[in-house]
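A quick write-up on the structure given underneath.
From a predicted model like this one, the values you see are computed outputs, not experimental measurements.
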Amino acid sequence: MDYRQKRKLSFLTIGLIFLLSGVEYAVILPTIWRYLQILEAPPYFLGLGLSAFSFSGLVSGPVFGHWSDKTRTTKSIILFSNVFEIVGNFMYFMGYSKWLLLSSRLVAGIGAGAGSSIFGFLTRTTLPDERARVFAAVMACRQAGLLIGPAFNIFLRLCDFKLGPFIVNKYTSPGLFMCGMWLLMQFAVMFLYWDIPPLDSFPEQHTPLREVRGEEDEPLMSLEDEDWASAVDSNGPVNPEQAETQLSSELPPSPPDSPPPDPSDPFENFSASREFLREEVVVLLTAQFITLFNQTALETMVTPLTQKYFGLGELGNSVMYSLCGLEVIAGFFLVRWLSRVLEDRVVLAVGLLICSGACVWCLIFLANPQGGFVLELIEFIIGVFLQLLGLPFVAVSQVSLFSKVTAEKTQGFSQGVRRSVGGLATILGPLWAGGLIGNLYVMLGMMMLLLTLIMIMMALSYEKLVEPPRVENAQDSENGG
């Protein structure tokens, strides 16, 4: 199996991991509140349970990222992190007490920290101009999980039997179901995932992904490739399939004129302040925080709002969330297409403009709805549509840009820091909105203030939001010229 086939199967496995993470959120969230009530938990345990998952992921993300940068491997990390998902979901299934349920979400959240290692792996094995498209596809997988997850609850809610000493019902069955799904994922990772060498371990002219770019105007072979092909032909006739297989299987793990990378090297001269306190990095981390803060705040606000003004129950909200999921998935694929022709910073600017417009709309029409049921419903739909439309633009572009402005050799740790910032936002967002549902002007006003702040920051730092020049390439060209 050649390099590109292993790469495609590895990316497929990553997509399945993100799909499962979305399914887990979608099958557990609808039942956890009633589950806690049965276990006689006070109301604040709902917030604790949801925050526990984000908190443990916030802590474990940089740890797993640091591990992957040190070892330059991710397969063992994914297998290890999935064990926490399996154990955490089995604890959720066991129930027994509110404290065990809270602990189950804390343990499962540790497994979510492997996402930083995965994004580091994607960064090291993708070309810069295709990275946004790959990230968009991966993020769309999670949204697909959120979309299809409620469908599993249709049969999970029918469960009513005993499994040894455990009771399987509509509240405990999501934990057992996800435990089984993550167990199956272990086998998928073992057989379909490879720690393929990063692209920087190949001579640039022999990178096995040059044909993957899909640019029709790009020549099939460069001058260096022709020299290489001539050298191959001089050793005997080789057909194209054999040449491709030989290239992918016989390339050395590192350039011939440089020593093999030392796993302990990535952090030898690493400085967190020098890496993360640069202007462009601060802007992108701020965009990450504000986007997720606003998103989770609006998610917290939506259900009470639909109940108060439109009388939507469980079925109505489920239909609404399904339609929202379809829009977000379509948005990710729209961004995937736009990233072929637009720079990441342009996509980010468009997304922030859309989110700002959505927030202004909500301030005007949703903070104090007037005009009757039909008009209020139309205003609500437009506000939600605009907010969800801007989300994929900001999410994909800031992840792609972040991977380009931070050091590739410590990408796992950097992605862990980025995801930790996002985890902090997902904890604070619902807390902010939950206390201000009765005062939407204050809640939405703060969100608008944050969006204005990031817009100003981006405008001032716009010139720096680009991939830095690759010094090593310049040096190579000088030496070769």
Side-chain heavy-atom pair [X], [Y] within 4.5 angstrom cut-off:
X: Ile17; Y: Val189; result: yes
X: Arg72; Y: Asp195; result: no
X: Cys359; Y: Asn294; result: no
X: Arg7; Y: Thr126; result: yes
X: Tyr25; Y: Arg142; result: yes
X: Leu428; Y: Phe289; result: yes
X: Pro392; Y: Met139; result: no
X: Val23; Y: Ile148; result: yes

Side chains of [X] and [Y] only: does a donor on one sit below 3.5 Å from an acceptor on the other?
X: Ser461; Y: Glu279; value: yes
X: Arg131; Y: Ser400; value: no
X: Ser68; Y: Thr74; value: no
X: Trp182; Y: Glu24; value: yes

Euclidean distance, [Y] [atom2] relative to [X] [atom1], rounded to 0.5 Å:
X: Ile290; Y: Leu450; atom1: CD1; atom2: CG; value: 5.0 Å
X: Cys362; Y: Gln387; atom1: SG; atom2: CD; value: 6.5 Å
X: Leu451; Y: Phe293; atom1: CG; atom2: CZ; value: 10.5 Å
X: Leu284; Y: Lys464; atom1: CG; atom2: NZ; value: 12.5 Å

Practice prompt. From the options Phe135, Phe332, Phe119, select the one residue that forms a ring-ring contact (aromatic ring centres under 6.0 Å, His included) with Phe18.
Written response: Phe119
Worksheet item: Between Phe413 and Trp67, is a ring-ring contact (aromatic ring centres under 6.0 Å, His included) present by the stated rule, with each step listed?
Response: CA-CA 8 Å; Phe413 179 74; Trp67 181 5; over 10 Å; no
Worksheet item: Going through the distances and angles, do Asp69 and Arg124 end up as a salt bridge (charged side-chain N to carboxylate O under 4.0 Å, His left out)?
Response: CA-CA 10 Å; Asp69 290 332; Arg124 290 190 291 265; 3.3 Å; yes
Treating [X] as the side-chain partner and [Y] as the backbone partner, does any N or O pair qualify as donor plus acceptor under 3.5 Å?
X: Gln288; Y: Val421; answer: no
X: Arg345; Y: Tyr462; answer: yes
X: Ser60; Y: Ile110; answer: yes
X: Arg278; Y: Val405; answer: yes
X: Ser10; Y: Trp194; answer: yes
X: Lys404; Y: Pro128; answer: yes

Discussion item. Tell me which one of Leu388, Leu391, Leu444 satisfies side chain to side chain contact (heavy atoms under 4.5 Å, CB included) with Leu298.
Written reply: Leu444
Discussion item. As a test of understanding, state which of Leu348, Leu338, Leu352 forms a side chain to side chain contact (heavy atoms under 4.5 Å, CB included) with Phe393.
Written reply: Leu338
Practice prompt. State whether Phe55 and Arg105 meet the cation-pi test: NZ (Lys) or CZ (Arg) under 6.0 Å from the six-membered ring centroid, and within 45° of the perpendicular axis.
Written response: no
Worksheet item: side chain to side chain contact (heavy atoms under 4.5 Å, CB included) between Lys8 and Phe11: does it pass, once the steps are laid out?
Response: CA-CA 5 Å; Lys8 288 179 180 178; Phe11 283 12; 5.8 Å; no
Practice prompt. Please report the C-alpha distance between Asp344 and Gln398 in whole Å, then the side-chain angles of each, then the deciding distance to 0.1 Å, and finally whether the side chain to side chain contact (heavy atoms under 4.5 Å, CB included) criterion is met.
Written response: CA-CA 7 Å; Asp344 289 332; Gln398 60 92 4; over 6 Å; no
Provide the closest heavy-atom pair for [X] versus [Y] in the form atom of the first, atom of the second, distance.
X: Phe90; Y: Cys179; result: CB-SG, 4.0 Å
X: Arg419; Y: Ala112; result: NH2-O, 3.2 Å
X: Ser173; Y: Leu156; result: OG-O, 3.1 Å
X: Lys75; Y: Tyr193; result: NZ-O, 3.1 Å
X: Ala425; Y: Thr296; result: O-OG1, 3.7 Å
X: Glu327; Y: Phe385; result: OE2-O, 2.7 Å

Worksheet item: Heavy-atom count around Phe177 CZ within 6.0 Å, excluding the residue itself: above 12?
Response: yes
Worksheet item: Stepwise, does the side chain to side chain contact (heavy atoms under 4.5 Å, CB included) test hold for Ile14 with Phe121?
Response: CA-CA 10 Å; Ile14 289 172; Phe121 169 83; 3.7 Å; yes
Item to complete: Take Ser356 and Met455 through the side chain to side chain contact (heavy atoms under 4.5 Å, CB included) test and state the conclusion after the steps.
Response: CA-CA 9 Å; Ser356 298; Met455 290 286 288; 4.0 Å; yes
